Enquirer: 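Have a look at the structure that comes next, please.
For clarity, every value in this text was computed on a predicted model and none was experimentally measured. Just so you know, residue 1 is the first one in the sequence shown, and it goes up from there.
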Amino acid sequence: MIEAAMIWNEPNNKSHWDPEIDPEWSLFAQMAILAADAIAAKNPELTKVLGGISPIDPFFISRMKNYGVLDHLDAVALHGFPLDWNLWQIHEWPEKINEIRAVTDLPIWVSEVGVSTFGAEEVQLWGLQRTAELLKGKVERCQWYSLYDLPRSWEATTRHREAEGSSYYRHYYMGILREDGTPKPALEEFAKHTPDLGLVQWFHFEDPRLDEAAAWMRRLGVKSVRTGLSWADRFRLNALDWFDRQMRALEDFDVTVTFCFTPEHRGIAPHHTSAPLVPEEFAGFCEEMVERYAPRQDSGYVSRGAKSARLLGLESRASLGAG
């Protein structure tokens, strides 16, 4: 069910990795190498991607290269939001890509790019059009963030909170669908660029939007989807049932799964951004998820999720409708 595994999300962003615990990113590098090797051991054909960096920083990529991390990976990913959070303009995208190409020969993915409708929905429409002009065919993969607005009753995964004013609230308006599921003007434009543009949608634990999201993505002609499986969620009651449901709902798509989020009780500090106490445990989580959802095809192994699906009489991929 998974065609690529991404190791962490925005590791050079303090909202996702605590630099006070790991100021030189040496602990991250060790963890990433262990995870990449664990993934490769279970399925050497699976594409392994360095979690999308934000900001786009060639010095961070060089640091990972010097630590030997890139020797264990197949691609590097970038995240860019020049109309909302970055300190550069949207027309600088080619320059930003070239900065990374100058320090690595690995394929470059833009695994998150988007525009908030916090100020005006027309801004997102223009931003999507311009982004497609600048990135389609220029990078190996490009995925738009996101399908849905973040519900206002939920908390955005960032350290900034309301202290930075509109910067925080922009997180809630990144969808091409509003929170209530109604389309924004950019949705029709997005459909013009599929399947060249993929889509990013993070699902919270037992997210009620899952099935509707999958139906929308099929309707829009999406082929490539990026989502996440949370190491922290693995410790919740019925975690594997939720993971199985999430992966079944997305089985029509080429799925990139991001493995991230430290369980509070397994971090050096009790926070999801903390480096883990035992990095091998994160590697073990990655290994378990690959074994369950993306086993090597020549191994004769049938995943527990697939076995459960057959036992439950769930529909096969061929029988799924278009929405």
Enquirer: According to the interplanar angle, ranging from 0 to 90°, do the rings of Tyr145 and Phe81 count as parallel (below 30°), tilted (30 to 60°) or perpendicular (above 60°)?
Expert: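 Because their plane-to-plane angle is over 60°, the rings of Tyr145 and Phe81 count as perpendicular.
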Enquirer: What distance separates Ile2 CD1 from Glu251 CD, expressed to the nearest 0.5 Å?
Expert: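 Here the interatomic distance stands at 12.5 Å.
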Enquirer: Determine, step by step, whether Asp22 and Trp17 satisfy the side-chain hydrogen bond (donor to acceptor under 3.5 Å, both in side chains) criterion, reporting the C-alpha distance in whole Å, the side-chain angles of both residues, the deciding distance to 0.1 Å, and the verdict.
Expert: CA-CA 8 Å; Asp22 185 25; Trp17 188 262; 3.1 Å; yes
Enquirer: Quick one: does Ser224's side chain have a donor or acceptor within less than 3.5 Å of a partner on Gly198's backbone?
Expert: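 No, because the side chain of Ser224 does not come within donor-acceptor range (under 3.5 Å) of the backbone of Gly198.
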Enquirer: Taking atom OG of Ser54 and atom CG of Asn13, what is their separation to the nearest 0.5 Å?
Expert: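 That separation rounds to 5.0 Å.
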Enquirer: Counting C-beta onward and ignoring hydrogens, is there a side-chain heavy-atom pair between Thr131 and Trp144 closer than 4.5 Å?
Expert: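 Of all side-chain heavy-atom pairs linking Trp144 with Thr131, at least one is under 4.5 Å.
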Enquirer: Between Asp241 and Arg245, is there a side-chain heavy-atom distance shorter than 4.5 Å?
Expert: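 They are not in side-chain contact.
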Enquirer: Just by distance, do the side chain of Ser274 and the backbone of Pro270 share a donor-acceptor pair under 3.5 Å?
Expert: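 No, Ser274 side chain to Pro270 backbone: no donor-acceptor pair under 3.5 Å.
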Enquirer: Would you say the side-chain atoms of Glu179 pair up with the backbone N or O of Pro151, donor to acceptor, closer than 3.5 Å?
Expert: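 Absent.
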Enquirer: What do the steps show when you test Ser116 against Gln124 for side-chain hydrogen bond (donor to acceptor under 3.5 Å, both in side chains), and what is the final call?
Expert: CA-CA 6 Å; Ser116 167; Gln124 185 186 62; over 6 Å; no
Enquirer: Can His72 and Lys48 be counted as having a side-chain donor-acceptor contact under 3.5 angstrom?
Expert: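 The answer is no; no qualifying pair exists.
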Enquirer: Dump the intermediate steps for salt bridge (Lys or Arg N to Asp or Glu O under 4.0 Å) on Glu281 and Arg266, then the final yes or no.
Expert: CA-CA 9 Å; Glu281 292 180 359; Arg266 300 310 304 148; 2.7 Å; yes
Enquirer: Ring centroid separation for Phe282 and Trp231, is it under 6.0 angstrom?
Expert: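 Ring centres of Trp231 and Phe282 closer than 6.0 Å.
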Enquirer: Using modelled atom types and a 3.5 Å cut-off, is there a donor and acceptor pairing between side-chain atoms of Thr227 and backbone atoms of Val257?
Expert: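 Side chain of Thr227 to backbone of Val257, a donor-acceptor pair under 3.5 Å: no, none is there.
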Enquirer: Determine, step by step, whether Arg63 and Glu24 satisfy the salt bridge (Lys or Arg N to Asp or Glu O under 4.0 Å) criterion, reporting the C-alpha distance in whole Å, the side-chain angles of both residues, the deciding distance to 0.1 Å, and the verdict.
Expert: CA-CA 9 Å; Arg63 184 189 295 267; Glu24 300 300 323; 2.9 Å; yes
Enquirer: What closest approach, in Å, do Gly51 and Pro11 show between heavy atoms, and which atom pair accounts for it?
Expert: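 So the minimum-distance heavy-atom pair works out to O-CD, 3.5 Å.
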Enquirer: Under a 4.5 Å side-chain heavy-atom rule over Ile, Leu, Val, Met, Phe, Trp and Tyr, are Val222 and Val113 clustered together?
Expert: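 Shared cluster, yes.
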Enquirer: Say whether, by atom type as modelled, one donor and one acceptor occur between the side chain of Thr117 and the main chain of Tyr173 under 3.5 angstrom.
Expert: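 Side chain of Thr117 to backbone of Tyr173, a donor-acceptor pair under 3.5 Å: yes, one is there.
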Enquirer: Would a 4.5 Å heavy-atom cut-off, applied to side chains only, mark Met217 and Asp252 as touching?
Expert: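 No, every pair of side-chain atoms sits at 4.5 Å or beyond.
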Enquirer: Any heavy-atom pair between the side chains of Val49 and Leu73 that's under 4.5 Å?
Expert: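 Not touching, per the 4.5 Å side-chain cut-off.
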Enquirer: Give a yes or no on whether the backbone of Ala294 and the side-chain of Asn43 come within a donor-acceptor separation of less than 3.5 Å.
Expert: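 Between the backbone of Ala294 and the side chain of Asn43 there is a qualifying donor-acceptor contact (under 3.5 Å).
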Enquirer: Which distance, rounded to the nearest 0.5 Å, do you find between the CZ of Phe190 and the CG of Leu147?
Expert: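 If I round to the nearest 0.5 Å, the distance is 8.0 Å.
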Enquirer: So how far is it from Arg141 CZ to Thr256 OG1, rounded to the nearest 0.5 Å?
Expert: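 Output value for this atom pair is 4.5 Å.
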Enquirer: Got a donor-acceptor contact below 3.5 angstrom from the Glu95 side chain to the Glu92 backbone?
Expert: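 Absent.
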Enquirer: State whether a side-chain donor-acceptor pair under 3.5 Å links Asn9 with Arg226.
Expert: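 Looking only at side-chain atoms, Arg226 and Asn9 do form a donor-acceptor pair, the distance falling under 3.5 Å.
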Enquirer: Output yes when Lys65 and Asp71 qualify as a salt bridge under the 4.0 Å nitrogen-oxygen rule, no when they do not.
Expert: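 No, no charged N to carboxylate O under 4.0 Å.
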Enquirer: Kindly state whether the ring of Trp85 and the ring of His171 have centres lying under 6.0 angstrom apart.
Expert: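 Under 6.0 Å, so yes.
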Enquirer: Roughly how far, to the nearest 0.5 Å, is CG of Leu106 from CD1 of Ile61?
Expert: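 Here the interatomic distance stands at 9.0 Å.
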Enquirer: Once you round to the nearest 0.5 Å, how far does OG1 of Thr273 lie from CD of Glu20?
Expert: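 Interatomic distance, Thr273 OG1 to Glu20 CD, rounded to 0.5 Å: 9.5 Å.
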Enquirer: Step by step, work out the salt bridge (Lys or Arg N to Asp or Glu O under 4.0 Å) result for Glu288 and Arg234.
Expert: CA-CA 11 Å; Glu288 179 191 21; Arg234 179 64 182 87; 2.9 Å; yes
Enquirer: Taking the six-membered ring of Phe205 as reference, does the cationic atom of Arg236 (NZ for Lys, CZ for Arg) lie under 6.0 Å from its centre and within 45° of its axis?
Expert: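 Arg236 over Phe205 ring: yes.
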Enquirer: Is it true that a side-chain atom of Asp207 and a backbone atom of His204 form a donor plus acceptor pair closer than 3.5 Å?
Expert: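 Judged by distance alone, yes, a pair lies under 3.5 Å.
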Enquirer: Identify the two heavy atoms, one from Ser146 and one from Leu199, that lie closest to each other, and give their separation to 0.1 Å.
Expert: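 Answer, listing the atom of Ser146 first, then Leu199: C-CD1, 4.1 Å.
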Enquirer: Assert yes or no for the condition that the ring centre distance of Trp8 to Phe259 is strictly below 6.0 Å.
Expert: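 No - the distance between ring centres of Trp8 and Phe259 does not fall below the 6.0 Å cut-off.
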Enquirer: Looking at side-chain heavy atoms only, is the closest gap between Val139 and Ile97 below 4.5 Å?
Expert: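 Touching, per the 4.5 Å side-chain cut-off.
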Enquirer: Checking Lys192 against Glu189 for the salt bridge (Lys or Arg N to Asp or Glu O under 4.0 Å) test, could you report, in this order, the C-alpha distance in whole Å, the side-chain angles of both residues, the deciding distance, and whether it holds?
Expert: CA-CA 5 Å; Lys192 296 177 184 178; Glu189 178 67 22; 3.3 Å; yes
Enquirer: Holding to salt bridge (Lys or Arg N to Asp or Glu O under 4.0 Å), I want the full list of residues that pass it with Glu133, two or more places apart in sequence or in another chain.
Expert: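 Salt bridge (Lys or Arg N to Asp or Glu O under 4.0 Å) check on Glu133 returns Arg130.
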Enquirer: Enumerate the residue pairs fulfilling side chain to side chain donor-acceptor pair (under 3.5 Å) with a member in residues 102-111, sequence neighbours excluded, ordered by first and then second residue.
Expert: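 The answer is His79-Ser111.
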Enquirer: Kindly give the cluster partners of Ile268, where membership spreads through any ILVMFWY side chain lying under 4.5 Å from a current member.
Expert: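 Grouped by the 4.5 Å side-chain rule, Ile21, Leu27, Leu277, Val278 form the rest of the cluster around Ile268.
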Enquirer: Verify whether the ring centers belonging to Phe235 and His265 lie closer than 6.0 Å.
Expert: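 Distance test on ring centres: under 6.0 Å, yes.
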Enquirer: Is the Trp216-Tyr148 ring centre distance short of 6.0 angstrom?
Expert: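 Centroid distance Trp216-Tyr148: not below 6.0 Å, so no.
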Enquirer: Out of the candidates Arg209, Lys184, Arg178, Arg170, only one should pair with Asp149 under the salt bridge (Lys or Arg N to Asp or Glu O under 4.0 Å) rule; please name it.
Expert: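 Output: one option passes, namely Lys184.
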Enquirer: Check the pair Tyr67 / Trp25 against ring pair (Phe, Tyr, Trp, His ring centres under 6.0 Å), numbers first and verdict last.
Expert: CA-CA 9 Å; Tyr67 279 138; Trp25 283 273; 9.3 Å; no
Enquirer: Donor-acceptor pair, distance only, cut-off 3.5 Å: does the side chain of Gln297 make one with the backbone of Pro295?
Expert: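 Between the backbone of Pro295 and the side chain of Gln297 there is a qualifying donor-acceptor contact (under 3.5 Å).
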